[in-house]
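Have a look at the structure below before the remarks.
Everything numeric here is computed off the predicted structure, so don't read it as measured data.
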Amino acid sequence: MQNAPLTISSKLPGIEQSIFSVMTALANRHGAINLAQGFPDFNCSAQLIAQVNEHMIEGRNQYAPMPGIMPLREKISAKIESLYGAQYDPEHEITITPGATHAIYTIISAVVREKEEVIIFEPAYDCYLPAILMNRAVAKYVTLEAPDYKINWEQVKKLITVKTRMIIINSPHNPTGMMLSAEDIVELTKIVTNREIIILSDEVYEHITFDGKRHESICRYPELASRSFAVSSFGKTYHTTGWKMGYVAAPRVLMDEFRKVYSYNMFSAMTPVQWAYNDVLDHPDQYLELSAFYQQKRDLFRDAISASRFKILPCEGAYFQLLDYSGISDENDRKLAEDIITQHGVASIPVSAFYHDKIDQKVLRFCFAKTGDVLKRAGDKLCRI
């Protein structure tokens with residue numbers, strides 16, 4: 001007897017495969033230079049690899065404590081206090097996670113209930129909306145527009161209701177490379193004061209800022225930190241995105257709820273890698289010098305495309321450069337991005353993919369976390385368009 005085919009009612013109707021996977025796959029098929037997906041094409045330090053191997057050989061291969069190994073949490077606590085003047089108890093207020101995306105999903109699952117509202121700023125990193133929808137909450141959108149992608153706080157105020165549970169912020173921002181200012185923090189503080197609103201602050205590019213601009217971590221501001229989750233990434237800082245390791249800092253009242261969910265959806269992150277990051281945090285120069293390292297790459301890429309017909313948009317942090325192509329083509333950004341891969345051999349991400357309604361402002365995102373030779377070759381190709 002033949003069984004009837006299964007009928008699956010999708011929990012994420014309308015959500016497509018990640019644009020990163022799509023554009024990377026297309027780049028691979030055509031042998032294109034991949035400036036689409038946000039990962040370095042150079043290796044992490046040999047010493048860091050050796051430290052992971054050393055800890056494996058020493059037998060640190062079983063489960064770590066659920067919140068992470070205590071020495072690493074203690075060093076993260078000290079680092080946050082040194083950088084931002086905030087004190088987080090490593091016992092109860094810091095948790096190591098298998099990547100920032102996993103942390104973000106866990107945060108939303110832990111504190112956002114069905115039909116509650118979450119405000120996100122678009123273009124937005126593409127993991128936010130699915131996490132909101134999977135938890136049967138409601139996304140409310142604030143549209144940021146080229147070329148400066150500044151937040152209109154009056155628009156934010158109009159979205160606040162009694163159902164508003166969370167505001168997600170991201171600085172330095174993916175995909176735009178823009179950063180929150182001290183003035184933005186003032187406006188955010190005004191909005192959440194005397195309201196039961198939680199802040200999720202995605203700060204995975206905290207150490208990649210340009211032209212002397214200061215990263216306004218949520219941890220700097222006690223009145224906001226008391227209602228916030230701050231999410232950070234070892235992968236972005238140490239060129240190890242494939243290791244999927246991050247951490248969350250939050251006051252205990254929030255972290256207790258986070259750990260309830262985390263203890264059942266993952267329990268712990270990879271043990272020997274935690275020990276290796278614990279070793280490397282003894283050398284703060286490695287993250288303090290990161291801004292200069294990536295600013296050189298940003299400037300090299302900009303120089304490489306200076307003779308092109310693209311318009312270079314501002315980039316204050318992270319490792320993405322937006323290029324406006326409105327002077328080149330009227331084609332929609334998804335189609336043009338595909339054509340540039342197949343016809344010119346360079347992969348990018350269409351920024352419309354970061355809007356729920358696919359707003360097309362004729363802008364493409366290019367990742368410059370690449371070697372100088374790759375950036376120059378990509379620039380040469382883009383100048384021919």
Side-chain angles (χ1 to χ4, degrees), residues 39 43-84 86-111 127 131 200-207 217 219 228-284 286-287:
F39 61 86
N43 207 355
C44 62
S45 75
Q47 180 60 33
L48 183 57
I49 293 173
Q51 287 167 321
V52 174
N53 187 49
E54 178 182 332
H55 289 297
M56 288 180 171
I57 292 171
E58 289 178 354
R60 289 169 169 155
N61 300 302
Q62 308 312 319
Y63 295 123
M66 181 269 289
I69 62 170
M70 181 54 76
L72 179 56
R73 285 185 279 151
E74 289 174 341
K75 288 182 182 177
I76 291 170
S77 177
K79 174 188 172 184
I80 293 173
E81 183 170 8
S82 174
L83 291 175
Y84 308 127
Q87 294 183 343
Y88 285 87
D89 174 12
E91 175 67 35
H92 300 290
E93 298 183 326
I94 293 173
T95 301
I96 313 301
T97 65
T101 298
H102 186 278
I104 289 167
Y105 187 90
T106 303
I107 290 166
I108 294 171
S109 298
V111 299
C127 82
L200 192 168
S201 184
D202 180 351
E203 304 186 17
V204 299
Y205 298 101
E206 63 180 316
H207 300 303
S217 173
C219 303
S228 298
F229 291 95
V231 179
S232 297
S233 167
F234 288 113
K236 300 299 189 296
T237 301
Y238 294 105
H239 319 310
T240 52
T241 60
W243 293 3
K244 297 298 292 179
M245 193 75 72
Y247 59 90
V248 179
R252 184 171 181 177
V253 65
L254 295 179
M255 189 59 78
D256 283 349
E257 295 305 309
F258 176 91
R259 289 181 178 179
K260 287 178 185 178
V261 176
Y262 179 68
S263 64
Y264 293 106
N265 72 5
M266 192 63 187
F267 183 77
S268 65
M270 189 174 178
T271 305
V273 173
Q274 291 192 49
W275 282 105
Y277 287 134
N278 176 66
D279 296 336
V280 81
L281 278 178
D282 289 332
H283 307 282
Q286 294 192 26
Y287 58 80

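- In this structure the side chain of Arg252 never reaches within 4.5 angstrom of the side chain of Asp89, judged on heavy atoms.
- Atom CD of Glu93 and atom CG of Asp256 lie 9.0 Å apart (nearest 0.5 Å).
- By the 4.5 Å heavy-atom criterion applied to side chains, Tyr287 and Leu83 are counted as neighbours.
- Taking every heavy atom of both residues into account, Ser232 and Ala100 meet most closely at O-CB, 4.2 Å.
- In this structure, SG in Cys44 is found 4.0 Å from CD1 in Ile49, a value given to the nearest 0.5 Å.
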Item to complete: May I have the step-by-step check of side-chain contact (heavy atoms from CB on, under 4.5 Å) for Met245 and Gln274, ending in yes or no?
Response: CA-CA 8 Å; Met245 193 75 72; Gln274 291 192 49; 4.2 Å; yes
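- For CD of Glu81, the number of neighbouring non-hydrogen atoms (other residues, nucleotides, ligands) closer than 6.0 Å is greater than 12.
- Counting only N and O atoms by type, the side chains of Ser201 and Glu203 include a donor and acceptor under 3.5 Å apart.
- At least one side-chain heavy atom of Tyr262 sits under 4.5 Å from a side-chain heavy atom of Pro98.
- A donor-acceptor pair shorter than 3.5 Å cannot be found between the side chains of Ser233 and Tyr247.
- Between Met70 and Pro90 the shortest side-chain heavy-atom distance falls below 4.5 Å.
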Q. When you look at Tyr238 and Ser45, which way does the side-chain contact (heavy atoms from CB on, under 4.5 Å) test go after all the steps?
A. CA-CA 8 Å; Tyr238 294 105; Ser45 75; over 6 Å; no
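- Taking CZ of Arg259 as the start and OG1 of Thr95 as the end, the distance is 3.5 Å to the nearest 0.5 Å.
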Exercise. Can Met255 and His92 be said to form a side-chain contact (heavy atoms from CB on, under 4.5 Å), step by step?
Worked result: CA-CA 7 Å; Met255 189 59 78; His92 300 290; over 6 Å; no
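- Using a 4.5 Å cut-off on side-chain heavy atoms (C-beta onward), Met270 and Trp243 make no contact.
- With hydrogens and angles ignored, the 3.5 Å screen pairs a side-chain donor or acceptor of Thr106 with a backbone N or O of His102.
- The side-chain heavy atoms of Glu206 and Ser217, taken from C-beta on, include no pair separated by under 4.5 Å.
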* Asked: Passes side-chain contact (heavy atoms from CB on, under 4.5 Å), Gln51 versus Trp275? Steps please.
  -> CA-CA 8 Å; Gln51 287 167 321; Trp275 282 105; over 6 Å; no
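- For the side chain to side chain donor-acceptor pair (under 3.5 Å) criterion with His55, the lone passing option out of Asn61, Asn278, Asp279, Thr271 is Asp279.
- No side-chain donor-acceptor contact under 3.5 Å links Ser77 to the backbone of Arg73.
- Between Ile94 and Val248 there is no side-chain heavy-atom pair separated by less than 4.5 Å.
- For the residue pair Ser228 and Pro251, the shortest heavy atom distance occurs at O-CD, 3.3 Å.
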Which is it for Thr240 and Tyr277 under the side-chain hydrogen bond (donor to acceptor under 3.5 Å, both in side chains) test, yes or no, and what are the steps along the way?
-> CA-CA 11 Å; Thr240 52; Tyr277 287 134; 2.7 Å; yes
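- Lys79 forms no cation-pi arrangement with Tyr84, by the criterion of a distance under 6.0 Å to the ring centre and an angle within 45° of the ring axis.
- More than 12 heavy atoms of other residues, nucleotides or ligands shown are found within 6.0 angstrom of CD on Glu58.
- The heavy-atom pair separating Ala250 from Phe229 by the smallest distance is CB-CD2, 3.5 Å.
- Across all non-hydrogen atoms, the minimal contact from Ala269 to Ala64 is O-CB, 4.0 Å.
- Remark: Ile80 CD1 to Cys219 SG distance equals 5.0 Å, nearest 0.5 Å.
- For the pairing with Phe234, the side-chain contact (heavy atoms from CB on, under 4.5 Å) check across Leu48, Thr97, Leu72 returns one residue only, Leu72.
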